[in-house]
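Presented below is the structure to which this report refers.
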Amino acid sequence: MKAVIINEFGGPEVLKIEEIACPVPAPDEILVKIYASGVNPVDWVIRNGVDEHLRTYLTVPLTLGWDAAGIVESTGSEVTSLKKGDEVYGIPNFPGNGSYAEYCVAKASQFAFKPKSLNYNESASVPLAALTAWTGLFEYGKLQSGQCVVVQGASGGVGGFAVQLAKAKGAYVIGIASTANLQYLLDLGADEVIDYTTQKFQDLVRHADLFLEASPIRNNKERIKSLNTLKDNGIFVSVNTDYAFDDEFLNEIRERKLTAELSPNQPRQDWLTQIANLIDSKQVNTYINKVFPLTHVAQAHLESESWHVRGKLVLEIRKEELLSK
Ligand SMILES: NC(=O)c1ccc[n+]([C@@H]2O[C@H](COP(=O)([O-])OP(=O)(O)OC[C@H]3O[C@@H](n4cnc5c(N)ncnc54)[C@H](OP(=O)(O)O)[C@@H]3O)[C@@H](O)[C@H]2O)c1
């Protein structure tokens, strides 16, 4: 099968399209014939070799990509939740070979039926970003209907889903983005928007229940500023699990009687199903910024590395109109 692999860590030039063996699913896994793969920052962070510690968990050659939509090709002997021919979306095994390929394997529990109202390119843009938003808002952030959440990085992949999922839950949403993306946030459903290039959100918001750091900012002093937005017992959640809270930040958390959580995304089938239902009932949508053919994967990485992509980037692995052939 065709796959984008890296044989070494480095810049976009290490991305190679090669023929490799098709993976075989373990008893609890499915083999997915992939039609499209989402592109996420983690792809190029890993391509670059992350840091020395995390690199010990990775082996090259490695197929990147942890966001897929396609059709179940076969199932392991223990899989009962999905069967051959099901149209699915989800997250390939991590660490392990990913979705920049014609096929991938994954635990069946990491995939679910894709939204019926989305095509494969659209479906592939959803799982990682939406699950990250879901985990941050509801699992670690405990967001409830009627509460107020501030979403930083609200125009990005994770942030855009966070705005919509929080609104679908019945929360009041304040989105933070740059000037050009403010109308986009309002279109997503944000109740209020703040332009971080001209305004200081830490002076404008008080008494929020939850602050969701879904931006690429990795700076504990900036995190401390965001605590001003929270009410007593408020929760600060960061999806940037690779950047730990430092002692100064944790002291502030203690003194202000707040809670702080680092939120790794959880690739759960039941949440993917709920997200698909929200999409099919038009409460949540995906915004595709650009679709690239596999041959343009390096271009997709360069765009993602800008940290200013509105919505999602997608790699098209197979043309959907060929589906019936
Ligand atoms: N925990 C997990 O499992 C997990 C999973 C996925 C992602 N992540 C992390 O989540 C973060 C967001 O990922 P993503 O996929 O949503 O990235 P993305 O699609 O590239 O979006 C990044 C967004 O951040 C905004 N931004 C850039 N610089 C900013 C700044 N100085 N202040 C405020 N906002 C800024 C941009 O908005 P403007 O263009 O308007 O500035 C952009 O829309 C990343 O740090 C990523 O590593 C974690």
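Start at 1 and go down the list; that is how both ligands and their atoms are numbered. All values reported here derive from a predicted model rather than from experimental measurement.
- Between Asp232 and Lys257, no side-chain nitrogen of the basic residue sits less than 4.0 Å from a carboxylate oxygen of the acidic one, so the salt-bridge criterion is not met.
- Glu213 and Ser226 share no donor-acceptor pair across their side chains, judged by distance under 3.5 Å alone.
- The shortest N/O to N/O separation between Val158 and ligand 1 falls below 3.5 Å.
- In terms of protein heavy-atom proximity, atom 47 (O) of ligand 1 is nearest to Arg218 NH2, 3.0 Å.
- When hydrogens are left out, the protein atom nearest atom 24 (O) of ligand 1 is Pro216 CD, 3.1 Å; that is the closest non-hydrogen contact.
- In this comparison of Tyr184, Tyr196, Trp307, Tyr243, the heavy atom closest to atom 34 (N) of ligand 1 sits on Tyr196.
- Looking from atom 37 (O) of ligand 1 to the surrounding protein, the closest heavy atom is Ser155 OG, 3.0 Å.
- Within 6.0 Å of the CD atom in Glu52, the count of heavy atoms belonging to other residues, nucleotides or ligands does not exceed 12.
- The shortest N or O to N or O distance between Ser178 and ligand 1 is below 3.5 Å.
- For atom 12 (C) of ligand 1, the closest non-hydrogen atom of the protein is Ala214 O, 3.2 Å.
- Given atom 32 (N) of ligand 1, the protein heavy atom at minimum distance is Ile217 CD1, 3.4 Å.
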Please tabulate, for side-chain N and O atoms in residues 152-159, each donor-acceptor pair with protein atoms closer than 3.5 Å (sequence neighbours left out).
unit_1	atom_1	unit_2	atom_2	d
Gln152	OE1	Ser215	OG	3.3
Ser155	OG	Asn181	ND2	3.2

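- Judged by the 6.0 Å and 45° rule, Arg310 forms a cation-pi pair with Tyr184.
- Considering only non-hydrogen protein atoms, atom 21 (O) of ligand 1 sits nearest to Gly156 CA, 3.2 Å.
- For ligand 1, none of its N or O atoms has an N or O atom of Asn40 under 3.5 Å away.
- Tyr287 and Asp187 form no side-chain donor-acceptor contact under 3.5 Å, judged by distance and modelled atom types alone.
- Any N or O atom pair closer than 3.5 Å counts here, and Thr241 shares no such pair with ligand 1.
- For atom 3 (O) of ligand 1, the candidate residues are Asn265, Ile194, Val309, Val239; the nearest heavy-atom contact is made by Asn265.
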Distance-only donor-acceptor hits, side chain of residues 260-268, under 3.5 Å, sequence neighbours excluded:
unit_1	atom_1	unit_2	atom_2	d
Ser263	OG	Gly136	N	3.4
Arg268	NE	Asp270	OD1	3.0
Arg268	NH2	Asp270	OD2	2.6

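- Applying the 6.0 Å contact sphere to NZ of Lys2 captures no more than 12 heavy atoms from other residues, nucleotides or ligands.
- Taking a cut-off of under 4.0 Å to the non-hydrogen atoms of Ala177, the atoms of ligand 1 that pass are 40 (O).
- With hydrogens left out, the protein atom closest to atom 44 (C) of ligand 1 is Asn240 OD1, 3.4 Å, a heavy atom.
- A donor-acceptor pair shorter than 3.5 Å cannot be found between the side chains of Tyr120 and Glu316.
- Compare Asn289, Val45, Thr132, Asp43 by their heavy atoms: the one nearest to atom 5 (C) of ligand 1 is in Thr132.
- Here the closest non-hydrogen pair linking Ile235 and Tyr140 is CG2-O, 3.9 Å.
- Contacts between Ser263 and ligand 1, counted as non-hydrogen atom pairs separated by less than 4.0 Å, involve the backbone only.
- Among all protein heavy atoms, the one lying closest to atom 19 (O) of ligand 1 is Gly157 N, 2.9 Å.
- Minimum interatomic distance between Val39 and Ser304 (heavy atoms only, all atoms of both residues): CG1-CB, 4.4 Å.
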